[in-house]
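A short write-up of the structure that comes next.
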Amino acid sequence: MEPVTLATDRLVLRPVGPQDTDAVYAAAQDPDIQRWTTIPSPYLPEHARSFTEQTVPEGWADASMFTFGVFLPGGELAGMLALTMRSLGMTEVGYWAAKEHRGHGYITEATVAAARWAFTRLSVDRVEWRAEVGNHASRAVAERAGFTIEGTLRAALTTKGTHRDCWVGSLLPSDLSLPSTTPYLPSTRS
């Protein structure tokens, strides 16, 4: 798939490339990003180079992962967001915010924009979010973006060689007042 650029009122979401390697590397030095995400730790310059020059373009080319840098209008990197295709009609969102740009709602705004794009352009009917139990910042973003927290999965994440429990949540097209590609019949709870 050809890469796309999305815009919100405050942000530009676009695929990162070689010109963004230094900014990605600098932001990923934050211990919280290394702690709570699956990026390598320590995060070296060659990791950033491989990410911007290979991982991102290859994900777009084979439609397996759609990675966006989250940029302020002036071009400063505020964070990263990726939609990874997990199965037919389902993608998983992952994100991080650069330390100096946390607390402004940028990643929530980017998550809603990316989900809206996935629902309307990728025939996705479920965006799933997962985060290690204890990652309250990620959970707050998901909840503000409208995700329903569905529960805790035991040993469902493997991070840095260790199985960890994770929270899981979902966002459906109807949560954003959009139609689904396939009808949804919710369970009846007794």
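Values below: all heavy atoms of this structure, side chains included; hydrogens, waters and symmetry mates excluded. Sequential numbering from 1 along the given sequence is applied to the chain's residues. Worth saying up front: this structure is predicted, and the values here are computed from it rather than measured.
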### Query
Under the salt bridge (charged side-chain N to carboxylate O under 4.0 Å, His left out) criterion, do Arg86 and Glu128 qualify, and how do the steps go?
CA-CA 9 Å; Arg86 295 293 185 205; Glu128 194 166 280; over 6 Å; no

#### Entry: Nearest heavy atoms of Thr52 and Gly17, plus distance in Å
CB-O, 3.4 Å

#### Entry: Pairwise distance OG1(Thr21) to CZ(Arg49) - rounded to 0.5 angstrom
7.5 Å

### Message
Please enumerate all residues that pass side-chain contact (heavy atoms from CB on, under 4.5 Å) together with Arg102, with sequence neighbours excluded.
### Response
Asp30, Asp32, Ile33, Ala97, Lys99

### From CA spacing to verdict: side-chain contact (heavy atoms from CB on, under 4.5 Å), Glu2, Trp60
CA-CA 7 Å; Glu2 283 298 313; Trp60 279 93; over 6 Å; no

### Task
Find out whether Phe71 and Leu13 are in side-chain contact, i.e. whether some heavy atom of one side chain is under 4.5 Å from a heavy atom of the other.
no

### Message
Does Thr8 form a side-chain contact (heavy atoms from CB on, under 4.5 Å) with Tyr106? I'd like the steps, not just the answer.
### Response
CA-CA 10 Å; Thr8 70; Tyr106 296 142; over 6 Å; no

### Rounded distance (nearest 0.5 Å) linking atom CG of Leu83 with atom OG1 of Thr67
8.0 Å

### Task
Test Trp167 against Arg130 for side-chain contact (heavy atoms from CB on, under 4.5 Å), laying out the working first.
CA-CA 6 Å; Trp167 292 316; Arg130 293 175 183 227; over 6 Å; no

### Query
Between the side chains of Ser170 and Thr148, is a donor N or O closer than 3.5 angstrom to an acceptor N or O?
no

### Message
Is any side-chain heavy atom of Ile149 closer than 4.5 Å to one of Glu143?
### Response
yes

### Message
Looking at every heavy atom in both Thr91 and Thr84, which two are closest together, and how far apart are they?
### Response
OG1-O, 2.9 Å

### Message
If I take atom CG from residue Leu77 and atom CG from residue Asp22, how far apart are they, to the nearest 0.5 angstrom?
### Response
11.5 Å

### Task
Check which hydrophobic residues are tied to Leu153 through side-chain heavy-atom contacts below 4.5 Å, counting indirect links as well, and list them.
Val168

#### Entry: Separation between CH2 of Trp117 and OG1 of Thr5, rounded to the nearest 0.5 Å
10.5 Å

## Note on the structure
For Trp129 and Arg139 the tightest heavy-atom approach is CZ2-CA, 3.5 Å

### Task
Determine, using the 4.5 Å side-chain heavy-atom cutoff (strictly less than), whether Leu6 and Phe66 are members of one ILVMFWY cluster.
yes

### Pro73 and Arg10, any side-chain heavy atoms less than 4.5 Å apart
no

### Query
Do Leu81 and Trp96 touch side chain to side chain, with heavy atoms closer than 4.5 Å?
no

### Task
Taking the side chain as every heavy atom from C-beta outward, state whether Trp36 and Ser138 have any pair of such atoms under 4.5 Å apart.
no

### Task
Go through the steps to decide whether Glu150 and Arg126 satisfy the test salt bridge (charged side-chain N to carboxylate O under 4.0 Å, His left out), and finish with yes or no.
CA-CA 13 Å; Glu150 297 172 333; Arg126 176 181 168 91; 2.8 Å; yes

### Query
More than 12 non-hydrogen atoms from neighbouring residues, nucleotides or ligands closer than 6.0 Å to NE2 on His104, yes or no?
yes

### Task
Looking only at non-hydrogen atoms, find the nearest pair between Asp20 and Val16 and report the distance.
OD2-CA, 3.3 Å

### Query
Around Arg121, counting heavy atoms of other residues, nucleotides and ligands shown, do more than 12 lie under 6.0 Å from its CZ?
no

### Task
Give me the one residue out of Phe68, Tyr95, Phe51 that meets side chain to side chain contact (heavy atoms under 4.5 Å, CB included) with Met80.
Phe51

### Message
Is there a path of hydrophobic side-chain contacts, each under 4.5 Å between heavy atoms of I/L/V/M/F/W/Y residues, joining Met90 to Val127?
### Response
no

### Summary
In this structure, OH of Tyr25 is separated from NE2 of His47 (nearest 0.5 Å) by 10.5 Å

### Task
Mind listing the closest non-hydrogen atom pair of Pro42 and Gln34 along with its distance?
CA-OE1, 3.7 Å

### Message
For the CG atom of Asp175 and the CZ atom of Arg116, what is their distance to the nearest 0.5 Å?
### Response
11.0 Å

### Task
Examine Leu122 and Phe147 and state if one hydrophobic cluster contains both, with Ile, Leu, Val, Met, Phe, Trp and Tyr joined whenever side-chain heavy atoms are less than 4.5 Å apart.
yes

### Query
Are side-chain heavy atoms of Ser64 and Met85 found at a separation under 4.5 Å?
no

### Task
Scan residues 54-74 for pairs that pass salt bridge (Lys or Arg N to Asp or Glu O under 4.0 Å), counting only residues two or more places apart or in two chains.
none

### Query
Do Val112 and Ile107 belong together in a cluster built from hydrophobic side chains that touch within less than 4.5 Å?
yes

#### Entry: Linked, directly or transitively: Leu72 and Val141 (ILVMFWY side chains, under 4.5 Å)
yes

### Task
May I ask you to test the Glu100-Glu76 pair for a side-chain heavy-atom distance under 4.5 Å?
yes

### Task
Return the minimal non-hydrogen interatomic distance between Arg35 and Arg164, and the atom names on each side.
NH1-NH1, 3.7 Å

### Message
I'd like to know if the side chain of Asp125 pairs up with that of Thr181 as donor and acceptor (distance under 3.5 Å, no hydrogens or angles considered).
### Response
yes

### Query
What do the steps show when you test Leu176 against Phe119 for side-chain contact (heavy atoms from CB on, under 4.5 Å), and what is the final call?
CA-CA 9 Å; Leu176 298 180; Phe119 291 142; 3.8 Å; yes

